[in-house]
Every structure is written in structure tokens, then in C-alpha cells.
Amino acid sequence: MAGAATALAAENHLVIGEYTTTTGAVVPIEAHPPVDDDAGHQANWLRKHHQVQTARCHSPVFCDRDWLSALAYAYTAADPDLLERRSYWAHVSGRLRFLGQDNVREWASERAGHTNSVLR
């Protein structure tokens, strides 16, 4: 975990790392999926989503990047089709129920750079 996430964990706050295993352990950066392994990244966001949903019943949860970060990153990436693919993924997986497909690019541009979430 980096910076703020490490400091929060040191203060005994519940922090879910950037990449996690099915048991919630933090995956070291050298073991993260390659940049072009979109399926690996999306599986991580879904896994973390379920970990957050379970944990937040007991206390606030700090999440070092969440599935929304996948859209923000796609907006800033050099691959022009990545935002479309990830938006479709988010829509199919039920993540974009609150956001119309036409608003994704505008929303992602506002979200870019804001990659950490506090969920209560």
C-alpha cells in the first residue's frame, strides 16, 4: 500500500489494498497484472468490491482505488477504446446503474486523479 493507505492501516483503520487476493491479502506491486491484462484488473475490482461490501458493515473502510478508478484510468489512457470497453464491463456487471452511458466520459474526466475512496 502507498502513502495514505499505509498511514491509515498503521492507525488500525480497515484498508483494502490496491490489488488483493481472495483472502484480502495485499498483492505486491511486482505481482500486479500487466497493463494490457484488462480481465485481470477488472477481476481485482470486483473482488475488492465484494471485500468492501462485507467489511463496511462493521466499520468505515478505506479502499486504495476502487472499480471507479478503472474508468478514470481508462479515460486518461492512450488506448481510445479502453474507456468504452471498461464502461461496457461496468454496465454489464451492474456498476453503472446510477450513471447513464452517455455521461461516462464526462464523469470519468471529473474522477481522473481521485483514486481513493472512503466508504461508510
Exercise for the section: Please work out whether the ring planes of Tyr19 and His41 are parallel, tilted or perpendicular, with thresholds of 30° and 60°. Expected result: perpendicular

Between Val27 and Thr20, the two heavy atoms sitting closest are CG2-C, 3.6 Å

Residues Ala74 and Arg86: closest non-hydrogen pair is CB-CD, 3.9 Å

d(Asp79 CG, Asp38 CG) to nearest 0.5 Å is 8.5 Å

d(Leu82 CG, Arg85 CZ) to nearest 0.5 Å is 5.0 Å

Between Tyr73 and Val35, is any pair of side-chain heavy atoms under 4.5 Å apart?
yes

Tell me whether Asn44 contacts the main-chain N or O of Glu18 through its side chain, where contact means a donor paired with an acceptor under 3.5 Å. yes

Please verify the inter-ring angle class for Phe62 with His13; under 30° counts as parallel, over 60° as perpendicular, anything in between as tilted. perpendicular

dist Gln51:CD -> Leu14:CG (nearest 0.5 Å) comes out at 10.0 Å

Closest non-hydrogen contact found for Pro33 with Gly40 is CG-C, 4.0 Å

